[in-house]
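Before any comments, here is the structure.
For the numbers below, each heavy atom of this structure counts, side chains included, while hydrogens, waters and symmetry mates do not. Chain naming here is simple, since letters A, B, ... match the order of the sequence lines and numbering starts at 1 in each.
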Amino acid sequence: MNWEKVWLNEVSEVSAGQSAPKDPCFTINDGLPFIRAGHLLELTNGKDLSELPTINEVNAKACRLKILKKGSVIFAKSGMSATLNRIYKLEEDSFYVSHLASVTPNLNFLDSAYCSYFLFYFNPSQLIKDSAYPSIGLSDISKIEIPLPPLPIQKQIAEILDKTDVLRKKDLALLKHYDALAQSLFIDMFGDPVRNEKGWNNEELKKLCLKITDGTHFSPPNHLSGRPYITAKHVRKNLVDFYSNPTFISEEDHLGIYSRCNPKKDDVLYIKDGATTGVAAVNNYEFEFSMLSSLALIKPNLQLINEQYLCYWLNNEYVKENYIRNYMAGAAIRRFTLAKINKFKILAPPIALQNQFAVQIKNIELQKEKVKAQIKASENLFQALLQKMFR
DNA sequence: CCTCGCCCCTGATGCACTAT
DNA sequence: ATAGTGCATCAGGGGCGAGG
């Protein structure tokens, strides 16, 4: 279908946010949401606008913040990869700041859902100027050519795309639900880890493990291929994710490192250095790899402790608050030492019960994999539809 | 007054040195 | 040789001021 194309600024108001002072006097549940570029990622990942900080009109005026009407579409105007090509349609009036561009459709000509889907298809980040400071000019945004079918047809197109998008959003919510389920399963089976009302044995981690050590302290040079090299950035809560940002070292370096620190499948990796300290994940990879010293390697004694149980224990917020935080060195620098990890106190329920927990966790993981596959499928469908509608 | 371009800061990461 | 620690580096979001 070849609809007439118009410039975006003929059917909408194109604008950008003001810069905001450092501390724009936020208020809780009073006033309108306040959106920064950094929030885009969260919003497009399913976070609700109502979960954002708010600011009331008086403070907003003092900060000279711009207000944006419901139905406007926002995206990042400068910055790098993460927030670019994140298109978000506002469901209520909000304040927003610099580094965000906004498109407020004139509803007599342009449907706002249609507009937001078109911008997603168009991908404004292609307008980035080739410079050391990637940014998009308002004039370039204004001159984006948007196909303009009659309003009823715009609405129809948006509705079709909505339907696939709703599926994707539901699946995203389902993923979150499974994570919550796993957490509550832990509490259900083992009780409150702090009160320990079931009276489990309280043991030092050292006594429950075969080996506790860390990765290499002599950072080897990176290579384009070779042996996988896993560092803190690969470890997320309950997940080791090597492939999203793979790094490699030479076979020779690997052998030197591996002779001391030999991670195997089902060992627990634990971040012990830096801002993300205190995140644990079970190693799911069959392949052999080397680690950096920002990670601890914990090999559980399977007669005494199950690796999934250990991982959920280490990641549990109450546990962190009440047990692990006591072991942290100074408040400023987040870091555990091996000596302290060895001395962590950990409740050790009967191993049979722990194993039962692990089986349930694996079932939940299996469900999550299915949902992830569904998400992938609906994303593909969504992309295909986008191409079909706008090409 | 609004935009654009230019740094500036902060948090994340991990290198490299020191201590045992 | 292994473990502990300080801090360099880097990415990228955010603030600011010159210029239109």
Side-chain angles (χ1 to χ4, degrees), chain A residues 9 13-24 34-43 53 61 63-66 74-86 95-102 125 127-143 206 211-222 229-236 241 244-245 247-249 253 256-262 269-279 290-298 327-343:
Chain A
N9 67 347
E13 195 189 326
V14 175
S15 181
Q18 296 283 85
S19 63
K22 267 190 178 147
D23 180 20
F34 172 68
I35 311 175
R36 286 187 184 282
H39 295 133
L40 264 189
L41 198 70
E42 297 168 327
L43 287 171
K61 206 169 244 174
C63 300
R64 297 172 42 227
L65 290 179
K66 275 193 185 174
I74 55 175
F75 52 90
K77 202 173 142 302
S78 62
M80 296 302 241
S81 50
T83 44
L84 290 177
N85 203 25
R86 297 275 172 165
F95 291 104
Y96 72 128
V97 294
S98 67
H99 303 274
L100 285 175
S102 69
S125 63
L127 299 175
I128 286 175
K129 288 169 196 143
D130 185 26
S131 80
Y133 308 104
S135 69
I136 310 172
L138 280 190
S139 52
D140 290 337
I141 298 171
S142 300
K143 300 264 149 41
K206 178 172 61 177
K211 181 172 190 175
I212 298 177
T213 185
D214 60 4
T216 179
H217 288 243
F218 308 96
S219 305
N222 278 22
Y229 178 58
I230 290 191
T231 66
K233 67 168 176 278
H234 296 117
V235 176
R236 320 229 188 298
D241 178 14
S244 68
N245 187 5
T247 44
F248 300 93
I249 60 173
D253 287 332
I257 296 166
Y258 201 76
S259 64
R260 181 175 77 89
C261 175
N262 58 334
L269 306 188
Y270 192 48
I271 301 180
K272 60 182 264 292
D273 271 8
T276 49
T277 293
V279 175
S290 276
M291 309 170 12
L292 177 70
S293 64
S294 50
L295 288 178
L297 170 68
I298 305 178
Y327 292 90
M328 274 211 181
I333 300 163
R334 309 243 289 162
R335 167 175 274 164
F336 294 134
T337 59
L338 289 178
K340 285 171 177 165
I341 294 175
N342 271 291
K343 285 191 178 143

How close or far is atom C1' of C/dT2 from atom CE of A/Met291, stated in whole angstroms?
14 Å
For A/Asn245, does its backbone N or O pair with a side-chain atom of A/His234 as donor and acceptor, under 3.5 Å?
yes
Examine B/dC15: is either OP1 or OP2 under 4.0 Å from a nitrogen or oxygen in the side chain of A/Tyr229? Give yes or no.
yes
Rounding to an integer number of Å, can you tell me how far A/Leu100 CG sits from C/dG14 P?
8 Å
Listed by chain and number, what are the side chain to side chain contact (heavy atoms under 4.5 Å, CB included) partners of A/Ser244, not counting sequence neighbours?
A/Arg236, A/Asp241
Taking ring-ring contact (aromatic ring centres under 6.0 Å, His included) as the test, write out the residues that go with A/Phe218, two or more places apart.
none
A/Asp273 CG to B/dG14 C1', in whole Å, measures 8 Å
In whole Å, I'd like the distance from the CG atom of A/Leu40 to the P atom of C/dG12.
15 Å
Across the strands shown, which category fits A/Ala275 at heavy-atom distances under 4.0 angstrom: base, sugar-phosphate, nothing?
base
Classify the ring geometry of A/Phe336 against A/Tyr270: parallel below 30°, tilted from 30° to 60°, perpendicular beyond 60°.
parallel
Sequence neighbours excluded, which residues qualify as side chain to side chain contact (heavy atoms under 4.5 Å, CB included) partners of A/Thr337?
A/Ala339, A/Lys340
What heavy-atom pair brings A/Tyr96 and A/Gly17 nearest, and what distance separates the two atoms?
CE1-N, 3.4 Å
Taking side chain to side chain contact (heavy atoms under 4.5 Å, CB included) as the definition, give me every residue that meets it alongside A/Gln18, ordered by chain and number, with sequence neighbours left out.
A/Arg64, A/Lys66
Each nucleotide N or O in nucleotides 16-20 of chain B that has a protein N or O under 3.5 Å away: list the pair and distance.
from, atom 1, to, atom 2, distance (Å)
B/dA16, N7, A/His217, O, 3.2

Tell me if the NZ atom of A/Lys143 is crowded by more than 12 foreign heavy atoms within 6.0 Å.
yes
N/O donor-acceptor pair under 3.5 Å between A/Arg260 side chain and A/Asp214 backbone:
yes
Rounded to whole Å, the CD1-P distance (A/Ile257 to B/dC15) equals 10 Å
Between the base of C/dG15 and the side chain of A/Arg36, is one N or O donor paired with an acceptor at under 3.5 angstrom?
no
A/Thr276 side chain near B/dT13 phosphate (N/O to OP1/OP2, under 4.0 Å):
yes
For A/His99 and C/dG13, do the ring centres fall under 5.5 Å apart while the planes stay under 30° apart?
no
Would you kindly give the CZ-to-P distance between A/Phe336 and C/dT5, to the nearest whole Å?
13 Å
Between protein and nucleic acid, restricted to nucleotides 1-4 of chain B and to nitrogen or oxygen atoms under 3.5 Å apart, what atom pairs and distances do you find?
from, atom 1, to, atom 2, distance (Å)
B/dC4, OP1, A/Leu138, N, 3.1
B/dC4, OP2, A/Leu138, N, 3.3

Let me know the distance between CG of A/Asp253 and P of B/dC15, rounded to the nearest Å.
12 Å
Exercise: identify the closest heavy-atom pair between A/Asp273 and A/Ser293
OD2-O, 4.1 Å
So, OP1 or OP2 of C/dG6: does either fall under 4.0 Å of a side-chain N or O from A/Arg335?
no
Length of the line joining A/Arg86:CZ and C/dG12:C1', which is rounded to integer Å
15 Å
Looking only at side-chain N and O atoms, does A/Lys233 come under 4.0 Å of OP1 or OP2 in B/dA12?
no
